[in-house]
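Following: one structure in structure tokens, then a few remarks.
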Amino acid sequence: MAIAYNERTHRCGSLRKENVGDTVTLAGWVNNYRDHGGMVFIDLRDHEGLTQLKFNPDTDPAAHEIARTLRNEDVIAIRGTVATRGENVNPKMLTGEIEVEASGADLLAKSKPVPFEISDHVEANEELRLRYRYLDLRRPQIQNIFRVRHQLTKTIRDFFDDEGFLEIETPVLTKSTPEGARDYLVPSRVQQGSFFALPQSPQIFKQLFMIAGFDRYAQIVRCFRDEDLRGNRQPEFTQVDMEMAFVKRDDVMNTIDRCVVRIFKEILDVDIETPIRHMSYAEAMERFGVDRPDTRFGLELQDITDVVRETGFGVFKGAIESGGAVKCIVAPGGAELTRKVTDGLTEELKGIGAGGMPVTKVVDGADGPEFATGVAKFMQEFCKGICEKTGAKVGDAIFFMPGSYKDVCKYLHFVRTRLAEILGVIPEGRWDLVWVVDFPLVDWNEDEKRWDSTHHPFTAPFEEDIPLMKTDPGKVRSDAYDLVLNGEEMGGGSIRIHRQEVQRAVFDLLNISEEDAQLKFKHLLEALAFGAPPHGGIAFGLDRWVMKMTGQESIREVIAFPNTQRATCPLTDAPGSVDEKQLLELGIDIRPEVRAKLEKSAE
RNA sequence: GGGGCCGUAGCUCAAUUGGUUAGAGUACCGGACUGUCGAUCCGGUGGUUGCGAGUUCGAAUCUCGUCGGCCUCGCCA
């Protein structure tokens, strides 16, 4: 008799000893089978958990016959009676006190042997996992990630709903903006020769919502950027996007503080202290060398430019004379580090463009602490000064970095992060949140010889800094803010420019002509002329939040069907070629040199 | 575009550093087994060592190229 699989009485994670004696119907996948010739045991799996099924030839020969043929990942439905396991309780299973004695079984779908085991014990390589992602997604730990993802989006939506935000969708087929990241383009058939762009973010649209008078908008929205991938970057990703009218930056940050508190409480049952602390961009760069400081540990950067100003040591002297700096990191107990480790660090640094890294160790000398090994002989005369300035003690190692301020920051940030791993000083279970504020409005682009927006061209400068735009643009601070969690940027936003004359001044500074501005941002500029309320907002990388909250190392783990580093999908084989007919309709063609390359690789 | 690591059975990994017929666990197939739970025991199938050149008496191992994966710099307003 067929089992009514559409009338499951329970799920596989729910049966307990209170259910003993109940007649139940379950359905799911064969997680594992143990065939004793007589007795057959099957662990049945569904989205909730595992239940052991027992097939006894004396109880039900027909069901037992079916059970003997079952293999992993076969889909079955069974009917049976819940029984206690007596002496044979399995404490490792949530349902380990019971089992279901099957009195009927249906094979609903046979499975081929799977390319990799669906289990906690075996980890297949990532490419294979992505190629058979639907099998990978069967693993309970992976399903849990998506459960957290669901809870997180629900919590965020509930929060914004409670605070009076409206979720409104914005276009996916929209207009290319030449600023910022490379756009994904979609050719138009109706307007041959024209292209839509997929949004890098709904930035302008959300500002238009404010001008439209919605007051508060929030959306969980897919965004696209055609740039190279990283462990925490995918070409399509999900933003939590919000905008508020009639606010100053503290209002936005306070709102997010409340949201973050709620997220941590509801998802992880962790209490976050508010207000989340603020740190200026300048302080972050000075102490950590990066605008997303990891404040869970020390190893901060220390400036010793003044201490060693009179040095004859070539690289230090050169850096100082050309207006740069000499900074260092003191590694407590670093004298224990082997030559191999410090040399390895130097090699890694060279890999990202550094010339090298002078290192020395502080030892007990005849006359107090002195330097030993490495660049000791060049630095000995400054030992006392450096130790006083930095607090370095006997047994420590000091890693020096001379160069331009930018380079020193970049390389020492790298050193700091690696040292923290090597020394094992990153505490577990910490959630260090910090708002980085007072970013510079613009950044000098040496290659192009022009000022670029640090954030984006609609970010408001500090009112009191506006006069500096003409005289010293690099000093102008912007009303922008980034939220950083454990050294990773989780989101960023700003107060926007709502007055035309300020917007024009910023465009001037960015060397965007009136014509250009009209061409690129006409819709926003026009709207600003019709009474724009002061407004500001922020956007979060949802994927990064899920990644952090589930303890994953890669963003790919928290996206159902992610891309590889070369932006392909091993499961669908996207992107793929299209018919000539499709190209014809769109009025576009593959360039000859690309065609030639494709034909060559097809051979 | 640059730097680094990797690619051996369906899967996870070995192969004494260039040496005879490339092994093990697992999966799969056959057999045994009535309390297992990563079942056990016996037997079996399974390999273009990513691909292509080269060096060598001899290459999984060395060299070059190429393809693919991951990390990273640039890039990501």
Side-chain angles (χ1 to χ4, degrees), chain A residues 31-43 50-59 64 71-73 83 85-93 95-96 99 101 111-132 135 177-183 200-201 203-204 223-235 237 344 347-354 410-411 414 417-418 439 441-443 445 447 451-459 478 480 489 492 494 506 510 512 520 539 541 553-554 556 563-566 568 570 600-601:
Chain A
N31 194 64
N32 191 18
Y33 66 94
R34 296 174 292 279
D35 184 350
H36 288 250
M39 206 85 86
V40 175
F41 296 98
I42 302 276
D43 293 333
L50 292 173
T51 297
Q52 174 167 287
L53 311 178
K54 183 176 78 174
F55 294 86
N56 190 329
D58 305 332
T59 313
H64 178 257
R71 294 296 177 269
N72 289 352
E73 303 312 316
R85 289 217 211 165
E87 297 295 300
N88 302 299
V89 165
N90 182 351
K92 286 191 242 169
M93 286 174 86
T95 59
E99 64 193 354
E101 287 189 64
S111 173
K112 290 205 302 187
V114 281
F116 51 87
E117 209 177 318
I118 318 281
S119 89
D120 306 355
H121 315 285
V122 181
E123 188 80 8
N125 87 54
E126 196 175 345
E127 196 183 359
L128 196 73
R129 287 175 54 203
L130 294 187
R131 179 153 168 234
Y132 298 97
L135 296 179
T177 51
E179 310 288 309
R182 202 173 287 119
D183 287 315
Q200 298 174 23
S201 84
Q203 180 60 36
I204 289 175
C223 300
F224 307 84
R225 294 180 189 173
D226 188 4
E227 295 293 345
D228 286 354
L229 285 71
R230 283 288 189 283
N232 61 5
R233 273 178 7 208
Q234 283 273 304
F237 58 100
E347 280 310 305
E348 287 181 68
L349 268 177
K350 286 180 181 166
I352 64 169
K410 176 179 162 189
Y411 299 136
F414 178 84
T417 312
R418 288 288 293 124
F439 283 84
L441 181 72
V442 289
D443 197 29
N445 183 331
D447 296 337
W451 294 101
D452 282 345
S453 289
T454 307
H455 198 57
H456 58 55
F458 319 116
T459 300
S478 72
E489 185 195 325
S494 63
V506 169
L510 297 172
I512 297 174
K520 292 169 180 169
E553 296 286 330
S554 160
R556 292 182 298 276
N563 285 322
T564 67
Q565 194 167 43
R566 287 183 65 248
T568 64
K600 198 179 166 199
S601 69

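Below, each value reflects all heavy atoms present in this structure, side chains not excepted, and no hydrogens, waters or symmetry copies. Note on naming: letters A, B, ... go to the chains in the order of the sequence lines (proteins, then strands), and numbering restarts at 1 for each one.
Applying the 90° cutoff around 0 to the glycosidic angle, B:U17 is assigned syn.
Partners of A:Tyr411 under the ring-ring contact (aromatic ring centres under 6.0 Å, His included) rule, at least two apart in sequence or in another chain, do not exist in this structure. Qualifying side chain to side chain contact (heavy atoms under 4.5 Å, CB included) partners for A:Glu227, counting only residues two or more places apart in sequence or in other chains: A:Ala181, A:Arg182. Applying the ring-ring contact (aromatic ring centres under 6.0 Å, His included) test to A:Tyr33 and every residue at least two apart in sequence or in another chain returns nothing.
Rounded to whole Å, the distance from CZ on A:Phe55 to C1' on B:C33 is 18 Å. Remark: C1' of B:C37 and CG of A:Asp35 are 14 Å apart, rounded to the nearest angstrom. Between A:Glu101 atom CD and B:U36 atom C1' there is a gap of 14 Å when expressed in whole angstrom units. To the nearest angstrom, C1' of B:U36 lies 8 Å from CG of A:Asn88. For A:Asn31 and B:A27, the CG to C1' distance is 14 Å, given to the nearest whole Å. A straight line from CE of A:Met39 to C1' of B:A32 spans 17 Å, rounded to a whole angstrom. Atom CG of A:Asp452 and atom P of B:C75 are 10 Å apart (whole Å). Between the NE2 atom of A:His36 and the C1' atom of B:C33 there is a distance of 8 Å, given to the nearest Å.
Across all their heavy atoms, A:Ser201 and A:Cys223 have their closest contact at CA-SG, 3.7 Å. Here the closest non-hydrogen pair linking A:Gly38 and A:Pro57 is O-CD, 3.6 Å. Here the shortest heavy-atom pairing between A:Asp183 and A:Gln200 reads OD1-NE2, 2.6 Å. Taking all atoms of both residues into account, the shortest heavy-atom contact from A:Asn72 to A:Asn31 is OD1-O, 3.6 Å.
By the 4.5 Å heavy-atom criterion applied to side chains, A:Asn90 and A:Gln52 are not counted as neighbours. In this structure, A:Thr59 and A:His64 have side chains that are not in contact, with every pair of non-hydrogen atoms separated by 4.5 Å or more. You'll find the side chain of A:Thr454 stays beyond 4.5 Å of the side chain of A:Ser478, heavy atoms only. In this structure the side chain of A:Phe458 reaches within 4.5 angstrom of the side chain of A:Ile204, judged on heavy atoms.
B:A53 and B:G43 have their C1' atoms separated by 43 Å, with the value rounded to a whole Å. Using atom C1' as the reference point in both B:G58 and B:G19, the two lie 7 Å apart (nearest Å). Going from the P atom of B:U49 to that of B:C11 covers 15 Å, rounded to whole Å. Taking the P atoms as reference points, B:U26 lies 15 Å from B:G44, given to the whole Å. Separating the P atom of B:U56 from that of B:U45 is a span of 38 Å, rounded to the nearest Å. Taking atom P in both B:U21 and B:U8, one finds a spacing of 23 Å when rounded to whole Å. With both ends at atom P, the span from B:U16 to B:G23 equals 13 Å, rounded to whole Å. As rounded to the nearest Å, B:U20 and B:U63 have C1' atoms that lie 25 Å from one another.
At a threshold of 4.0 angstrom between heavy atoms, the contacts of A:Leu50 with the nucleic acid are absent. When heavy atoms are screened at a 4.0 angstrom cut-off, A:Gln203 is found touching base atoms of the nucleic acid. A:Gln200 comes within 4.0 angstrom of no nucleic acid atom, judged by non-hydrogen atoms across all strands. Nucleic acid contact for A:Pro115: sugar-phosphate only, since backbone atoms but no base atoms lie under 4.0 Å from a heavy atom of the residue.
The side chain of A:Lys92 places an N or O atom within less than 4.0 Å of a non-bridging phosphate oxygen (OP1 or OP2) of B:G38.
Nearer to the 5' terminus of RNA chain B, by closest-nucleotide assignment, is the contact made by A:Met93 (compared with the other of A:Pro457 and A:Met93). Looking at which nucleotide of RNA chain B each of A:Glu227 and A:Gly37 is closest to, the 5′-most match is held by A:Gly37.
With both pairing distances under 3.5 Å, B:C62 is matched to B:G54 as a Watson-Crick or G-U wobble pair. B:G30 and B:C42 make up a base pair, with Watson-Crick or G-U wobble contacts both under 3.5 Å. A 3.5 Å limit on both hydrogen-bonding distances identifies no Watson-Crick or G-U partner for B:C76. Base pairing analysis places B:G47 opposite nothing; no Watson-Crick or G-U wobble pair with both distances below 3.5 Å involves it. The partner of B:A24 is B:U12, judged by Watson-Crick or G-U wobble contacts that both fall below 3.5 Å. Remark: B:G7 base-pairs with B:C67; criterion is Watson-Crick or G-U wobble with both hydrogen-bond distances under 3.5 Å.
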Interface polar pairs with nucleotides 28-30 of chain B, N/O, under 3.5 angstrom:
residue: B:C28; atom: OP2; partner: A:Tyr33; partner atom: OH; Å: 3.4
residue: B:C29; atom: OP2; partner: A:Arg71; partner atom: NE; Å: 3.2

Check nucleotides 43-46 of chain B against the protein and report each pair of N or O atoms closer than 3.5 Å, with its distance, or say if there are none.
none

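Atoms CZ and CZ, from A:Arg34 and A:Phe55 in turn, are 12.0 Å apart once rounded to the nearest 0.5 Å.
Remark: A:Glu126 does not engage A:Arg129 in a salt bridge, criterion side-chain N to carboxylate O under 4.0 Å. For A:Asp228 and A:Arg233, the salt-bridge test fails: no basic side-chain N is under 4.0 Å from an acidic carboxylate O.
The environment of CZ in A:Arg85 is crowded: more than 12 heavy-atom neighbours from other residues, nucleotides or ligands sit within 6.0 Å.
Side-chain atoms of A:Glu347 and base atoms of B:G4 include no donor and acceptor less than 3.5 Å apart. Side chain A:Arg233 to base B:C76: a donor-acceptor pair is found below 3.5 Å. For A:Lys350 and B:G3, a side-chain-to-base donor-acceptor distance below 3.5 Å is absent, hydrogens and geometry of angles not being considered. Looking at A:Glu117, its side chain has no donor and acceptor atom pair within 3.5 Å of the base of B:U12.
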- Expected string for nucleotides 68-73 of chain B under the B/S/- scheme (protein heavy atoms, under 4.0 Å, primed atoms plus P, OP1, OP2 as sugar-phosphate) is SSBBBB
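Residue ring and nucleobase are not stacked for A:Phe116 and B:C11 under a centre distance beneath 5.5 angstrom and an angle between planes beneath 30°.
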